[in-house]
Amino acid sequence: MDEQQQFVLQTIEEQGIGSIRLWFSDVLGTLKSVSIAPAELEGAFEEGIGFDGSAIEGLTRVSEDDMIVRPDASTFQILPWEGQEEGRASSARMFCDILTTDGSPAMGDSRYILKRTLETARQKGFTPYLHPEIEFYLFRRQERADQQPVPIDRGGYFDDVPLGRGLEFRKGSISQLESMGINVEYSHHESGPGQQEIDLRSAEALATADNIMTFRAIVRQMGQAKGLLASFMPKPLEGQPGSGMHTHLSLFASDRDAFYEAGAPFGMSATARQFAAGLLAHATEISAVVNPSVNSYKRLWGGAEAPSYVCWGHNNRSALLRVPQYRHSERIEYRALDPSVNPYLAFSLLIAAGLDGIDKAMDLEQPTNDDVWDLTDTERRAMGIQPLPSSLDSALKVMEKSEFVASTLGEQVFSYFLANKHRQWQEYRSTITPYELRTSLDRM
């Protein structure tokens, strides 16, 4: 047993922690959990805990159902919302690695897929860092799920609502995040009524993905505690901005910023330009993973600064890729992600796409200075600006032809993801919407 595992066992005993939650993600990005007693943890560190992997979305096949979940002691944190108010023993959590019965990594473990991509980056001499800006809506909780959602306020971008429930909610969420070692850069009211944004500080890619999973758990728990519905749905309201998860990527070689070169245009090194070119080259192929629901495309094509076209610009908020003017280090902002993603798979593809651009020394086209939404289709075609997929169906049709996505995710996850999302599209396509009834029922 290593020092970190011994530290965890000692902390659990000293803090009187009553249960430990072992966390992991299914292929769709849903947080999964199994609780164990402190007495079972030493065995879990050494041998893992067995479970039925075939019951978890995309993890394995029924013929290979026996799996092992083994906690990563470096991710140990006490859960701030459990037990402390009632005077009971607290709970803690750890993220886990999923293994087969012979101890090898499970090919359906999305956290392992990101680890594998990061190992490729390490072998090339790079360490990726990511900084996500996470948007979500707060609604009043209602009796039925099919009721029109009612935002908690009518605020707009950066509105100061000192006695508003949104400010109180953000403060409480940030306090819990920071108690778990997740640093927050800033927060504010976003453009939509009831819409909030909390930005996490830059961290290494695996830690950032774990932090996003924890963030969503904290925000949902906080919503339940306050009688609110916290939603990461990309486009919950017609005529209002969607919720994105703009993600800033940095690349370091040892302690050197690999994206920065003094005197270069926009401060971008050749490595940064090649990385950005790789992101643009693979943007349509990865769309189904970074925008994984039918609702995601209503955000992408609904205006309000959502990126719809494959291009880049310096401080251009209509572009898919943006190089911000304000920065502590050179970074590239990828604006298509929404907060419903599986962060492990999404980050694997973003990093792999950028590395592919470096490996192939891809050329980065000239930046787009125009507001892309104001251009005509003819103007965009003349400038070589291609659209992102306009629906989950079209995104899946591009993805299923992609050798790049298949090799990054592995054949098992690639095939399962496609099959699951094709089913989602078929269900959506056969649904009669309120719009159809409103506009056609008494006219046809």
Side-chain angles (χ1 to χ4, degrees), residues 29-31 79-82 85 131-180 182-201 208 211-247 291-300 302-306 335 337-343 434:
T30 303
L31 183 64
L79 294 174
W81 65 82
E82 289 204 358
E85 290 137 0
H131 152 55
E133 303 174 357
I134 310 174
E135 297 173 349
F136 58 96
Y137 271 88
L138 292 177
F139 298 112
R140 297 172 186 168
R141 189 166 287 279
Q142 297 176 282
E143 293 182 2
R144 301 198 322 270
D146 61 349
Q147 289 180 288
Q148 183 69 21
V150 178
I152 62 166
D153 61 48
R154 297 184 178 182
Y157 187 68
F158 266 41
D159 275 1
D160 183 16
V161 190
L163 299 179
R165 300 180 76 182
L167 177 61
E168 176 192 2
F169 189 97
R170 296 196 306 271
K171 287 170 65 177
S173 298
I174 290 169
S175 176
Q176 292 197 7
L177 286 164
E178 293 187 336
S179 76
M180 296 184 71
I182 300 173
N183 295 321
V184 173
E185 187 171 69
Y186 55 78
S187 70
H188 60 86
H189 197 291
E190 250 300 333
S191 300
Q195 190 180 30
Q196 318 295 320
E197 178 176 316
I198 299 177
D199 297 0
L200 305 185
R201 287 195 179 275
T208 300
N211 289 347
I212 290 169
M213 298 296 293
T214 305
F215 180 102
R216 294 193 300 213
I218 285 175
V219 167
R220 288 181 176 127
Q221 180 277 330
M222 179 74 70
Q224 290 181 346
K226 294 186 176 297
L228 302 174
L229 172 63
S231 177
F232 295 99
M233 185 177 179
K235 187 76 168 179
L237 296 175
E238 290 184 24
Q240 297 294 343
S243 290
M245 191 173 73
H246 302 164
T247 298
N291 303 110
S293 74
V294 291
N295 184 256
S296 298
Y297 297 85
K298 296 184 178 181
R299 168 192 164 246
L300 283 184
E305 293 192 356
R335 297 173 61 80
L337 275 81
D338 66 50
S340 68
V341 299
N342 179 330

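Predicted, not measured: the structure shown is a model, and the values here were computed from it.
- Sorted by first and then second residue, the pairs that involve residues 213-228 and meet salt bridge (charged side-chain N to carboxylate O under 4.0 Å, His left out), not counting sequence neighbours, are Glu168-Lys226.
- Rounded to the nearest 0.5 Å, atoms CD (Gln176) and CZ (Phe215) are 11.5 Å apart.
- Expressed to the nearest 0.5 Å, how far CD of Glu135 lies from CG of Asp199 amounts to 8.5 Å.
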Yes or no on side-chain contact (heavy atoms from CB on, under 4.5 Å) for Leu138 and Arg165, after CA distance, side-chain angles and deciding distance? CA-CA 9 Å; Leu138 292 177; Arg165 300 180 76 182; over 6 Å; no

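- Not one N or O on the side chain of Tyr157 forms a donor-acceptor pair closer than 3.5 Å with the backbone of His188.
- Classified by interplanar angle (parallel below 30°, tilted 30° to 60°, perpendicular above 60°), the ring pair Phe169/Phe136 is tilted.
- Side-chain contact check for Pro149 versus Leu229: every heavy-atom pair is 4.5 Å or farther apart.
- Taken from CD in Glu178 to CG in Asn183, the straight-line distance is 6.0 Å, to the nearest 0.5 Å.
- Closest approach of Arg140 and Ile152 over heavy atoms only: N-CG2, 4.0 Å.
- The distance from atom OG of Ser175 to atom CH2 of Trp81, rounded to the nearest 0.5 Å, is 12.5 Å.
- Looking at heavy atoms from C-beta onward, Arg170 lies in side-chain contact with Leu167 at the 4.5 angstrom threshold.
- Here the side chains of Leu200 and Thr208 are not in contact, with every heavy-atom distance at 4.5 Å or above.
- The backbone N or O of Gln240 lies less than 3.5 Å from a partner atom in the side chain of Lys235, making a donor-acceptor pair.
- Looking only at side-chain heavy atoms (C-beta outward), Met180 and Leu79 come within less than 4.5 Å of each other.
- Atoms NE2 and CD, on His246 and Glu133 in that order, are 7.0 Å from each other to the nearest 0.5 Å.
- Remark: Gln224 CD to Arg141 CZ distance equals 6.0 Å, nearest 0.5 Å.
- When all heavy atoms of Ile134 and Pro339 are compared, the pair lying nearest together is CG2-CB, 4.2 Å.
- Scanning both residues, Gly194 and Asp153, for their nearest heavy atoms gives N-OD1, 2.8 Å.
- A side-chain donor-acceptor contact under 3.5 Å links Asp338 and Ser340.
- When every heavy atom of Ser243 is checked against every heavy atom of Gln195, the shortest pair comes out as OG-NE2, 3.2 Å.
- Contact detail for Tyr137 and Pro193: the closest heavy-atom pair is CE2-O, 3.1 Å.
- Proximity of His189 to Gln196: side-chain heavy atoms (C-beta onward) are separated by under 4.5 Å at one or more points.
- Here the closest heavy-atom approach between residue Tyr297 and residue Asn291 is recorded as OH-O, 2.8 Å.
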